[in-house]
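Read through the structure below, which is laid out as structure tokens, and then see the notes.
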There are 2 protein chains.
Amino acid sequence: MTQNTETTSYKDIKRTVLRRIRSGEWQPDTLLPNEQDLAVEFSCTRTTVNRALRELADEGFLERRRKAGTRVLSAPHRQARFTIPLVRDEVEALGGTYRYALVSQQFLPAPEWLSARLALQTGQAAMHVRCMHYSGNTPFQFEDRWIVVDSVPQVKDADFSALGPNDWLVQTVPFTNVELTFLASRADASAAGFLDLPEGEPVFTAERITWLQDKPVTFAKMYFAAGYRMTTQF
Amino acid sequence: MTQNTETTSYKDIKRTVLRRIRSGEWQPDTLLPNEQDLAVEFSCTRTTVNRALRELADEGFLERRRKAGTRVLSAPHRQARFTIPLVRDEVEALGGTYRYALVSQQFLPAPEWLSARLALQTGQAAMHVRCMHYSGNTPFQFEDRWIVVDSVPQVKDADFSALGPNDWLVQTVPFTNVELTFLASRADASAAGFLDLPEGEPVFTAERITWLQDKPVTFAKMYFAAGYRMTTQF
DNA sequence: ATTGAGTTAAAGTCTACACAAATTGGAAAT
DNA sequence: ATTTCCAATTTGTGTAGACTTTAACTCAAT
């Protein structure tokens, strides 16, 4: 491997700047030297410094303003990134064998709460799908999903007995907007039954609404098995 | 071709590419034209195309590999970004008036579960702080935090009656690593009391562990009030 | 004091080019 | 049929320089 001496890449600069921030050399609110000066210090072009600082700002460490310069941001403005994995990937990442099972699938007029939530006409047709995701024989996630028939007419001919509704949707309809919500909910009778836990138990829950342009496509509520934790490091 | 010749910024390219993905013109798994060809199409340099595609890849829309090219990612591999706000900011963003209250503050040897979790010596000294965050007079969050004295000796003289431990830590110690976990837990007697909800109720909970280099600094468990939802759109 | 206009420093972006690094796909060797 | 190796392609990153946009600052006029 070729160790290029003295080449300062934007990654080196990022590392160095981060180190100075973390060591306290550049405290929060400190104004950094301008790009040109840093370019001289690191003996590279301003372009390279620019990229390094731009990315650090993007990652929430710095704040940059034209003419005002670049300053160190107080820590807690940071952002966290979570990967939203497919259930299958998540199960397999944990060393399990993924298994899917359809629970029920039927046409229904959209219930009132759903119509309100997705801004549907009252009584618009919807496909209601409930299914389970297992890791081996252990329940992993119970999914309760509504698909708006007007937005996805093909769903009338869909069969979710082998292919999960999420996979089917991904293959079938593109989407433009997603709203993802996490909350702690209480296991109702059916979720408790499928996830094999006592009714009323706290359940980590994700709600996902997907739109295609302005048209709501699907609303999904996913109940995770007991003990589920969503973790990220940064 | 209604290609506008006035502006060919990387933002225009991002917009156009996104539109093509969303319109279905470039379905998931589609291989995009290479940078050089796109540069010709947009009549700009490859550098500009590179920046546009790089950012889109960063945002989770594309996957790029040398020699293999750039392809559209199937949707669910996407990442979601959550801003981790300060409680104060969150309360104020919801239109409330933030209020802080210290519940208790005392030195204790770290309990076993904490020593295990943070890889401490058994019986290492710790500062245990419990406090409340209110929106007006409505409970918003109950915080239960441990601070490792060895890592933050100044904590011996800290007074958390006016300034919250998180704000104090941010001002006092830098940190290098954070692990953030979300889960649904069951309100124990004290959390239930402070948050004004029945014992055993599901509570959306965040755990945050912070390190300085290899040294664990603090472990915080934050219990949110009933009905709390963490939402993101993308 | 307050307002307003001009100056100017700093970041933002683009061009044009060069070389580096990865990795695919195929040819050659086994 | 399989493995090894090479070349071609594509993205990754850097240099050098120019022009643009924003907004902090200054100073004069109200």
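Computed from heavy atoms alone, side chains included, the values below leave out hydrogens, waters and symmetry copies. So that the names make sense, note that chain A is the first sequence line, chain B the second, and so on, each numbered from 1.
- Nucleotides of DNA chain D with any atom under 4.0 Å from a heavy atom of chain A span, from 5' to 3', D:dT13 to D:dA24.
- The interatomic distance linking A:Leu62 (CG) with C:dA11 (C1') rounds to 13 Å, in whole Å.
- For A:Asn34, counting side-chain heavy atoms from C-beta on, the closest listed nucleotide (C:dT24, C:dA21, C:dA10) is C:dA10.
- Side-chain contact between A:Phe160 and A:Arg130 is absent, with no heavy-atom pair separated by less than 4.5 Å.
- Between the NZ atom of B:Lys67 and the P atom of C:dT24 there is a distance of 9 Å, given to the nearest Å.
- Test B:Ile21, B:Leu18, B:Leu73 against B:Leu62 for side chain to side chain contact (heavy atoms under 4.5 Å, CB included) and you get one pass: B:Ile21.
- When heavy atoms are screened at a 4.0 angstrom cut-off, A:Thr47 is found touching base atoms of the nucleic acid.
- OP1 or OP2 of C:dA11 has at least one side-chain nitrogen or oxygen of A:Thr70 nearer than 4.0 Å.
- Rounded to an integer number of Å, the gap from CG of A:Leu31 to P of C:dA10 is 9 Å.
- Within the nucleic acid shown, A:Arg65 comes within 4.0 Å of sugar-phosphate atoms alone, with no base atom in reach, counting heavy atoms only.
- For the pair A:Arg64 and A:Glu35, the salt-bridge criterion is met [side-chain N within less than 4.0 Å of a carboxylate O].
- Straight-line distance from the CG atom of A:Leu53 to the P atom of C:dA10: 14 Å, rounded to whole Å.
- Ring pair B:Tyr100/B:His133 is tilted by interplanar angle, where 30° to 60° counts as tilted.
- One interatomic measurement links the two molecules: CD of A:Glu35 to P of C:dT13, which rounds to 11 Å at whole-angstrom precision.
- Between A:Pro165 and A:Trp146 the shortest side-chain heavy-atom distance does not fall below 4.5 Å.
- Computed from coordinates, the A:Tyr10 OH to C:dA11 P distance equals 20 Å when rounded to whole Å.
- Under the 6.0 Å cut-off for aromatic ring centres, B:Phe204 and A:Phe182 do not qualify, their centroids lying 6.0 Å or more apart.
- Nearest-nucleotide assignment on DNA chain C puts the 5′-proximal partner with A:Gly69, out of A:Gly69 and B:Lys11.
- Counting non-hydrogen atoms under 4.0 angstrom, A:Arg51 reaches the backbone sugars and phosphates but no base.
- Using a 4.0 Å cut-off between charged nitrogen and carboxylate oxygen, A:Glu41 and A:Arg20 count as a salt-bridge pair.
- Counting to the nearest Å, the P atom of C:dA9 and the CZ atom of A:Arg64 are 18 Å from each other.
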